[in-house]
Amino acid sequence: MSHEHVSYLELLARGAATEAYDRPVLLARASGAGPEELAGLEEAKQLALRVRAELEGRRRREAELSALFATAHDLAGLRDLDAVLRAIVQRARALLGTEVAYLSLNDPAAGDTYMRVTEGSVSARFQQVRLGMGEGLGGLVAQTARPYVTDDYFEDPRFQHTRTIDAAVRDEGLVAILGVPLSLGSQVIGVLFAADRRARVFEREQVALLGSFAAHAAVAIDTANLLAETRSALAELERANDIIREHSGVIERASEVHDRLSELVLHGGGVHDVAEAVSEVLGGTVEFTEQGAGAVRQAGGHAVREGEDWVATVSAGGETLGALVLHGQPDLDPVDQRTLERAALVTSLLLLARRSAGEAEQRVRGELLDDLLDAPDRDRRLLRERAARLRADSAAPHVVLAARIDRAEGAAETDAADAGGRESADRQRLWSAATHLAATRHGLASARDGGTVLLLPLGPGEKAADLARQTARSLGGTLREPVTVGASAPVRAPIDRPDQVAGAYEEARRCLDALRLLHRAGQGAAAEDLGFLGLLLADSRDIDGFVDRTVGQVVAYDLRRGTDLVRTLDAYFASGMSPARTKDELHVHVNTVAQRLERVGRLLGPDWQSPARALEIQLALRLHALSDAVTGS
């Protein structure tokens with residue numbers, strides 16, 4: 001074998017570029033080789049190039065088959081349809097070497113098509129575009145159930161161009177687009193796309209490959225729909241079996257609940273213990289509420305059905321104390337109705353037995369919190385002793401919470417007297433529920449300013465915002481009314497520093513007022529939950545903390561890598577969130593803008609371009625720029 005032939009084998013072995021195969025011929029010509037030798041070398045070169053092309057084709061087909069097998073594996077263990085579709089789009093983008101890939105689905109109810117998954121897209125307008133049926137390249141694919149490809153979308157007359165679609169495509173900067181149908185039988189349910197921001201020709205093999213991925217995507221959607229139908233059928237079967245078992249064991253349940261209620265009374269159980277015991281026996285969910293008893297006052301103590309629920313009044317001596325409400329068992333057996341009524345009777349006995357002690361403790365807890373708010377100069381030693389008697393944790397960090405019932409509009413009484421009475425009753429109910437919650441959390445509660453104020457300790461790793469949300473859920477669930485809760489920043493050892501409690505209460509009230517103005521009734525939050533609005537509510541203006549929480553990862557990335565993501569974000573928002581206009585502002589290629597914005601998305605999360613997040617990010621960028629200007633000066 002000649003030396004030149006060995007050279008070609010070496011080039012093949014190391015996978016050299018095509019240009020390297022000209023070198024042996026050039027060297028032979030330079031050394032004065034004859035025509036016969038040069039012709040032999042040229043023939044060997046062409047043979048080597050054909051072998052190289054065959055090897056490259058095989059490698060590409062192996063990569064394509066590997067990706068298809070991986071996609072089939074994902075489908076075999078289908079758990080999350082969105083995850084499978086995203087994997088298909090990501091692999092299609094990587095194998096075809098395109099800058100963008102995306103998948104759209106038809107919406108028969110709306111009569112149009114919407115974006116389901118995008119990969120590589122940086123334009124918010126493009127990601128949210130909806131296309132009318134038959135519009136654009138995707139519409140042509142859906143109509144004909146055949147793949148379509150265009151080297152230059154805007155110069156292609158085969159598609160029905162619309163202002164909306166063209167604006168979205170232009171904003172993303174796309175030029176060459178390939179689309180293949182997603183088909184279930186003869187029905188086209190969507191389109192899978194691959195696209196570039198430059199002119200290119202898609203080869204026949206690439207069209208076939210994208211079609212294979214589209215077939216997998218259609219299978220994934222069909223499988224997910226079948227799984228949903230199967231789960232629904234299984235749930236119906238389980239409910240039928242539950243009913244059969246309930247009817248067969250109704251007498252045993254009645255005996256069991258009698259024994260359990262007797263044990264609760266003897267061992268000092270509470271109202272919630274009774275509800276839990278009856279819930280387990282009856283198979284539904286029982287809760288005690290001070291509301292909902294009015295409809296059953298004339299029922300003679302019997303359980304009555306209200307909608308899908310059963311309600312049994314809890315009363316003593318002609319006074320209605322509340323009701324036990326059973327959810328989840330609309331078809332209640334007569335014996336089980338008697339069980340619910342017996343539980344209501346036991347509940348009334350427990351409430352009467354503990355009312356006196358409970359009211360005394362509630363007053364003491366309220367008086368201690370009132371002294372912390374109104375008389376911070378009280379003797380610290382006496383305050384600690386009073387807290388210890390109430391089992392309040394005086395050393396832990398605490399949060400002050402302001403709570404109010406926020407009833408929906410239209411629930412007002414018919415006249416001012418009724419409205420005033422209802423408001424007074426709401427305050428009493430909220431105070432009672434809040435005091436019970438404070439006792440279980442080793443905190444304090446008091447009625448104040450038309451609502452309730454609580455002072456609760458923070459658990460390990462717990463934040464003020466977490467405690468506010470938990471309190472709103474707990475009070476709202478007890479009262480079956482939306483309860484809005486605003487929280488202060490943590491106060492360390494409030495019994496030893498009572499002068500800070502009043503300021504923390506004002507901060508909690510401001511947070512509560514902000515939640516109501518933002519139409520977030522029934523929720524709980526602290527200033528840190530409200531983004532830049534929290535800066536206005538908190539006593540301390542933590543501007544650096546807000547900037548760090550909002551764009552700190554982008555700033556840190558620039559400092560570590562010497563990149564220009566912050567300036568790119570500034571230009572992007574200043575250009576109306578258009579990558580095409582941003583590249584003109586920065587004097588870079590649109591692909592550079594797209595790559596930078598992809599990096600920003602990975603740092604800030606996929607929803608960073610939503611209106612609320614975008615507003616906060618822009619404010620944080622302004623504050624960061626002002627901070628730099630002040631520091632620099």
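All values below come from the heavy atoms of this structure, side chains included, with hydrogens, waters and symmetry mates left out.
- Listed by chain and number, the residues in a side-chain hydrogen bond (donor to acceptor under 3.5 Å, both in side chains) with Thr471 amount to none (sequence neighbours excluded).
- Between the side chain of Glu507 and the main chain of Ala504, no donor-acceptor pair closer than 3.5 Å is present.
- Looking at Leu512 and Arg404, their side chains come closer than 4.5 Å, going by heavy atoms from C-beta outward.
- When all heavy atoms are compared, the tightest approach of Ala402 to Ala508 is N-CB, 3.9 Å.
- Applying the side-chain contact (heavy atoms from CB on, under 4.5 Å) test to Gln609 and every residue at least two apart in sequence or in another chain returns Ala124, Gln127, Tyr572, Met577.
- Of all the heavy atoms in Thr478 and Ala433, the pair that sits closest is CG2-CB, 4.1 Å.
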* Asked: Which is it for His398 and Leu458 under the side chain to side chain contact (heavy atoms under 4.5 Å, CB included) test, yes or no, and what are the steps along the way?
  -> CA-CA 6 Å; His398 283 59; Leu458 282 173; over 6 Å; no
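- For Arg86, there are no side-chain hydrogen bond (donor to acceptor under 3.5 Å, both in side chains) partners, not counting sequence neighbours.
- Side chain of Ser432 to backbone of Arg429: no donor-acceptor contact under 3.5 angstrom is found.
- Here the shortest heavy-atom pairing between Gly524 and Ala472 reads N-CB, 3.7 Å.
- Residues Leu105 and Ile221 form a side-chain contact, since some pair of their non-hydrogen atoms from C-beta on lies under 4.5 Å apart.
- By the side-chain hydrogen bond (donor to acceptor under 3.5 Å, both in side chains) test, Gln187 pairs with no residue at all, sequence neighbours left out.
- Among residues two or more places apart in sequence or in another chain, the salt bridge (charged side-chain N to carboxylate O under 4.0 Å, His left out) test is passed with Arg469 by Asp466, Asp529.
- Applying the side-chain hydrogen bond (donor to acceptor under 3.5 Å, both in side chains) criterion to Arg509, with sequence neighbours excluded, gives Asp449.
- Taking Asp222 as the reference, nothing meets the salt bridge (charged side-chain N to carboxylate O under 4.0 Å, His left out) condition, with sequence neighbours excluded.
- The structure places CD1 of Ile405 at 5.5 Å from CD of Glu481, a figure rounded to the nearest 0.5 Å.
- Looking at every heavy atom in both residues, Thr484 comes nearest to Ala521 through OG1-CA, 3.3 Å.
- The closest side-chain donor-acceptor pair between Glu287 and His327 falls under 3.5 angstrom.
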* **side chain to side chain contact (heavy atoms under 4.5 Å, CB included) assessment of Arg549 paired with Glu616** => CA-CA 10 Å; Arg549 288 191 300 272; Glu616 293 205 349; over 6 Å; no
* To do: Would you sort out whether Trp608 and Ile617 count as a side chain to side chain contact (heavy atoms under 4.5 Å, CB included), showing the intermediate values?
  => CA-CA 8 Å; Trp608 71 275; Ile617 291 170; 4.0 Å; yes
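- Legend: residues meeting side-chain contact (heavy atoms from CB on, under 4.5 Å) with Ala110, ordered by chain and number and at least two apart, are Asp107, Asp112, Arg130.
- Taking 4.5 Å as the limit, some side-chain heavy atom of Val483 sits within range of a side-chain heavy atom of Leu479.
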* side chain to side chain contact (heavy atoms under 4.5 Å, CB included) between Trp431 and Thr435, intermediate numbers included -> CA-CA 6 Å; Trp431 171 74; Thr435 303; 3.5 Å; yes
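- Taking OG from Ser104 and OH from Tyr114, the interatomic distance works out to 9.0 Å, rounded to the nearest 0.5 Å.
- Taking CG of Leu604 as the reference point, atom CZ of Arg613 lies at 6.0 Å (rounded to 0.5 Å).
- Here the closest heavy-atom approach between residue Leu184 and residue Ala218 is recorded as CD2-O, 3.4 Å.
- Here the closest non-hydrogen pair linking Ala487 and Leu401 is CB-CD2, 4.0 Å.
- Listed by chain and number, the residues in a salt bridge (charged side-chain N to carboxylate O under 4.0 Å, His left out) with Arg473 amount to none (sequence neighbours excluded).
- Contact of the Leu182 side chain with the Val188 side chain is not registered, since no non-hydrogen atoms from C-beta on lie closer than 4.5 Å.
- To the nearest 0.5 Å, the span separating CZ on Arg520 from CG on Asp406 amounts to 12.5 Å.
- Note on Arg448 versus Glu506: no salt bridge recorded, every NZ/NE/NH1/NH2 to OD/OE distance being 4.0 Å or above.
- Taking the side-chain contact (heavy atoms from CB on, under 4.5 Å) definition, one finds that Ala434 meets it with Ala445, Thr452, Leu454, Leu475, sequence neighbours left out.
- Residues Leu467 and Leu456 are in side-chain contact: their nearest non-hydrogen atoms beyond the backbone lie under 4.5 Å apart.
- Interatomic distance, Leu324 CG to Trp310 CH2, rounded to the nearest 0.5 Å: 14.5 Å.
- Every residue two or more places apart in sequence or in another chain that forms a salt bridge (charged side-chain N to carboxylate O under 4.0 Å, His left out) with Arg116 is listed here: Asp82.
- Val501 has its side chain within reach of Val400: a pair of non-hydrogen atoms, C-beta onward, lies under 4.5 Å apart.
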